Amino acid sequence: MQKAYLLLLLFSASLLSQPVTWIPARPTDDDTITVTYDATQGSRGLLNVSPVYAHTGVITDKSTRSSDWRYVKTSWGQNTPETRMLSLGDNKWQIKFHIRSYYAVPSNEKILQLAFVFRNQDGSKT
């Protein structure tokens, strides 16, 4: 059986460097993914900010456009343990989860992309 690979869709003010990495490199919806955010890269909007939260959702085959996030974990500025990123020190943050179960996407819906905005506690910085 051939697996479809997901794309990670990241919104950032600057794409000068690689602020986000993930393992596995080509995740499927059945994978557990580890996403690492480096605040010293990109726009540096969260440099020396703590804690950092992942505002995240998915683009699926039922999304009406490329910006139609579905199964968003929380409202903007809402802080939950499951969206709080783990500090790795040196302005690096990480979150790990099983893709389909984390977003609670029904099995009959195809996940095409993961979407993230990393933010501070009150959502005033990204």
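Bear in mind that the values here come from a model prediction, so they are computed numbers and not experimental data.
In this model, a donor atom of one side chain and an acceptor atom of the other lie less than 3.5 Å apart for E109 and Y71. In this structure, a donor-acceptor pair under 3.5 Å is present between the side chains of D122 and S124.
The side-chain hydrogen bond (donor to acceptor under 3.5 Å, both in side chains) test applied to D38 returns T40, not counting sequence neighbours. Residues meeting the side-chain hydrogen bond (donor to acceptor under 3.5 Å, both in side chains) test with T80, sequence neighbours left out: T83.
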Legend entry - Intermediate values then yes/no, side chain to side chain contact (heavy atoms under 4.5 Å, CB included), T56 and V72: CA-CA 6 Å; T56 184; V72 176; over 6 Å; no
Inset, instruction - For the pair V58 and V105, evaluate side chain to side chain contact (heavy atoms under 4.5 Å, CB included) and give the outcome as yes or no after the intermediate values. - result: CA-CA 9 Å; V58 293; V105 179; 4.0 Å; yes
Inset, instruction - Report the C-alpha separation of I59 and R70 in whole Å, then their side-chain angles, then the decisive distance to 0.1 Å, and conclude whether the side chain to side chain contact (heavy atoms under 4.5 Å, CB included) test is met. - result: CA-CA 6 Å; I59 307 298; R70 298 175 57 83; over 6 Å; no
Inset, instruction - Could you please spell out the steps behind the side chain to side chain contact (heavy atoms under 4.5 Å, CB included) verdict for I111 and I99? - result: CA-CA 9 Å; I111 301 171; I99 295 170; 3.9 Å; yes
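Two rings, from F97 and Y103, have their centers less than 6.0 Å apart.
A chain of hydrophobic side-chain contacts below 4.5 Å, direct or via other Ile, Leu, Val, Met, Phe, Trp or Tyr residues, connects Y102 to I33.
The number of heavy-atom neighbours closer than 6.0 Å to NZ of K62, taken from other residues, nucleotides and ligands shown, is above 12.
A distance of 12.0 Å separates NE2 of H55 from NZ of K73, quoted to the nearest 0.5 Å. With values rounded to the nearest 0.5 angstrom, I23 atom CD1 is found 12.5 Å from T32 atom OG1. Taken to the nearest 0.5 Å, the CD atom of Q113 stands 7.5 Å off from the OG atom of S66. Once rounded to the nearest 0.5 Å, the distance linking CZ of R84 with OG of S50 reads 6.0 Å. Distance check: Y53 OH to N120 CG gives 10.0 Å after rounding to the nearest 0.5 Å.
Checked by atom type and distance alone, the side chain of S63 never pairs as donor or acceptor with a backbone atom of R65 at under 3.5 Å. Between the H98 side chain and the D30 main chain, a donor and an acceptor come within less than 3.5 Å of each other.
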Review item, side-chain donor-acceptor pairs of residues 88-95, under 3.5 Å, at least two apart:
from, atom 1, to, atom 2, distance (Å)
N91, OD1, N48, N, 2.6
N91, ND2, N48, OD1, 3.2
Q94, NE2, T36, OG1, 2.9

